[in-house]
Amino acid sequence: MKFFYLIILNLIFLSSSFFAEEGYTFQKLYEVEVELESTDKNSINEGMGEALKELMVKLSGASRINLDQEIKKATSHPEDYISQYKLSSRNEKIIGTFSFNGETIRKLLSDNSLPMWIGIKPKILLFLPCEEQLGLIHKDKNSMGQIDELCFQAKRDIVRIGDTRNIIFIKPSLDLTDLRYIDVYQPKSINDFLDKITERYSLSSWITCFIHDEFGVLTDEPSCLSPISQAKTSLIETVEILANELSKDFQLNVNPNLRNEVKLLISGVNKYTDLVLMEEVLQSNALVISYSLNSIKGSSITYKVEIIGQITDLEKLMNTNPILLNQQSSKDKGELEYFFRGKG
């Protein structure tokens, strides 16, 4: 029987947006870059529609959302949701940067009972055997150059797709002792190994990709495996399957016909700019229909808020806002209480 010993594990965050995405759900503008064919009106409109489709997937966490009839209508008239756009060139390519109105976009999702991502990214362990030169039979100088290129491309593609699907990939750094206990030709071996690391560091799941076949020969396209996909599939398909399954835990499905009233208690509001920022939080929240400031006592303020959906829906959204800390001290089901932390 083989045993797995984890001697050293450094977690390396591969997503460049790891420390900046928690407030994504509440942004005033959603900015999306796409490559354009040309600078004529038709190319710009086409790019605008593609940018909106990409935004819909990211903001909902659902890969098939663009098949919804209401979303199809929106993406065929993306100018109704745009605030501004600009054109630029990069590496001899035309880039369109489209900024969509956050409030209008969120209303589109909530009004049509479509899922909305609540701003939390699952953290996924990414293990690429090729980075450790495992399972490869050709290790001469020429083939190693090809291996490095294929391995780098696979990692870049995984991280790029993960960014569009709200996934953070984390790479383990293993020492030689760890690597001796991995048999890349035995699925159960590598599955057990990655299960242990994932559980130890409280990660949501794992994914591993191979650039060689069962005989150690390089392949044209990488094949990948995750606990959800069960069998090896293409890189894109594996990430999509994983993202669709994990996104269920980080989505809201709001009933647009349901109305509720909540008393919102906010402490830690010490200056006028704090009050202004708190007002912006409420104004940008997709579930808030109206609100009124009921009282100000010292550094504490109280709002009366009318919302779409359940009070728990509002709480989930408020909990993802980095400037607020849920106090969870109120026993009244019609109340929510937060401490205002500010932007720090």
Side-chain angles (χ1 to χ4, degrees), residues 20-30 58-62 70 81 100-122 166 247-344:
E21 287 290 345
E22 293 300 322
Y24 188 82
T25 307
F26 301 92
Q27 288 184 0
K28 289 183 178 180
L29 296 174
Y30 296 112
K58 185 166 187 176
L59 196 56
S60 69
E70 293 302 319
Y81 302 89
F100 295 93
N101 184 287
E103 187 174 347
T104 306
I105 290 294
R106 292 189 291 270
K107 189 174 186 300
L108 171 65
L109 293 173
S110 61
D111 284 355
N112 293 288
S113 300
L114 294 170
M116 183 163 57
W117 176 55
I118 63 173
I120 298 175
K121 289 188 171 184
N166 304 316
S247 66
K248 295 175 183 178
D249 295 329
F250 304 103
Q251 291 174 330
L252 284 180
N253 284 89
V254 179
N255 181 353
N257 300 314
L258 185 63
R259 300 289 186 272
N260 269 293
E261 200 171 85
V262 59
K263 183 179 180 181
L264 185 60
L265 311 174
I266 310 293
S267 59
V269 181
N270 297 309
K271 51 185 183 292
Y272 176 71
T273 53
D274 294 344
L275 179 62
V276 171
L277 187 54
M278 191 61 226
E279 297 270 319
E280 291 178 356
V281 168
L282 292 175
Q283 290 170 8
S284 66
N285 194 297
L287 304 185
V288 174
I289 300 171
S290 63
Y291 66 91
S292 59
L293 180 60
N294 279 6
S295 66
I296 301 178
K297 293 182 180 179
S299 61
S300 297
I301 58 178
T302 303
Y303 288 100
K304 178 182 177 181
V305 184
E306 183 184 2
I307 64 167
I308 300 169
Q310 302 279 2
I311 293 177
T312 53
D313 295 333
L314 177 65
E315 186 174 19
K316 283 182 180 180
L317 274 181
M318 298 282 281
N319 286 351
T320 65
N321 197 312
I323 72 171
L324 298 174
L325 178 63
N326 193 331
Q327 298 296 85
Q328 297 180 326
S329 59
S330 177
K331 295 182 180 180
D332 189 334
K333 292 183 178 179
E335 289 186 0
L336 294 176
E337 185 173 352
Y338 289 85
F339 176 75
F340 183 86
R341 296 190 290 194
K343 289 187 174 181

Peer 1: Please find the pair of heavy atoms, one from S299 and one from N270, that lie closest to each other, and give the distance.
Peer 2: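 The answer is CB-OD1, 3.3 Å.
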Peer 1: To check you understand the geometry: which heavy-atom pair defines the closest contact between L275 and V269, and what is its length?
Peer 2: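 The answer is N-CG1, 3.8 Å.
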Peer 1: Which residue pairs pass the side chain to side chain donor-acceptor pair (under 3.5 Å) test with at least one member in residues 306-317, sequence neighbours excluded?
Peer 2: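 Listed by first then second residue: S290-E306, E315-N326.
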Peer 1: Between the side chain of N166 and the main-chain N/O of K121, is any donor-acceptor distance below 3.5 Å?
Peer 2: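 No; zero donor-acceptor contacts below 3.5 Å.
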Peer 1: Measuring from atom OG1 of T302 to atom CG of L293, what distance do you get when rounded to the nearest 0.5 angstrom?
Peer 2: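 Going from the OG1 atom of T302 to the CG atom of L293 covers 8.0 Å.
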Peer 1: Kindly give the heavy-atom pair with the smallest separation between F339 and G268, and that separation in Å.
Peer 2: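 For F339 and G268, the tightest heavy-atom pair comes out as CE1-CA, 3.6 Å.
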Peer 1: Measuring from F100:CZ to Y81:OH, what's the distance to the nearest 0.5 Å?
Peer 2: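 So the gap between those two atoms works out to 11.0 Å.
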Peer 1: Could you check whether any side-chain heavy atom of Y303 comes within less than 4.5 Å of a side-chain heavy atom of M278, counting everything from C-beta outward?
Peer 2: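 Contact flag for Y303/M278 side chains = yes.
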Peer 1: Are E280 and L277 close enough, and set up right, to give a side-chain contact (heavy atoms from CB on, under 4.5 Å), and what steps lead you there?
Peer 2: CA-CA 5 Å; E280 291 178 356; L277 187 54; 3.5 Å; yes
Peer 1: Out of curiosity, I266 CD1 to I323 CD1, how far, rounded to the nearest 0.5 Å?
Peer 2: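 Answer for the CD1-CD1 pair, I266 versus I323, is 9.0 Å.
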Peer 1: Mind checking whether L317 and M116 have side chains closer than 4.5 Å, heavy atoms only?
Peer 2: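 Heavy-atom side-chain distance check passes, below 4.5 Å.
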Peer 1: Using atom types as modelled and distance alone, determine if a side-chain donor or acceptor of Q251 lies under 3.5 Å from a backbone N or O of S60.
Peer 2: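 Side chain of Q251 to backbone of S60, a donor-acceptor pair under 3.5 Å: yes, one is there.
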Peer 1: In Å, rounded to the nearest 0.5 Å, how long is the span from CG of N285 to CG of N321?
Peer 2: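 One gets 8.5 Å once the value is rounded to the nearest 0.5 Å.
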Peer 1: For the NZ atom of K107 and the CG atom of L109, what is their distance to the nearest 0.5 Å?
Peer 2: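 Answer rounded to 0.5 Å: 11.5 Å.
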Peer 1: So do I307 and R259 actually touch side chain to side chain, heavy atoms under 4.5 Å?
Peer 2: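 No, side chains not in contact.
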Peer 1: Enter the distance from Y30:OH to N101:CG here, rounded to the nearest 0.5 Å.
Peer 2: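 If I round to the nearest 0.5 Å, the distance is 9.5 Å.
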Peer 1: Answer yes or no: is there a side-chain heavy-atom contact under 4.5 Å between L264 and Y291?
Peer 2: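 L264 vs Y291: side chains apart.
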Peer 1: Quickly, which of N319, L325, V281 forms a side chain to side chain contact (heavy atoms under 4.5 Å, CB included) with Y338? Name it, please.
Peer 2: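 The side chain to side chain contact (heavy atoms under 4.5 Å, CB included) with Y338 is passed solely by N319 among N319, L325, V281.
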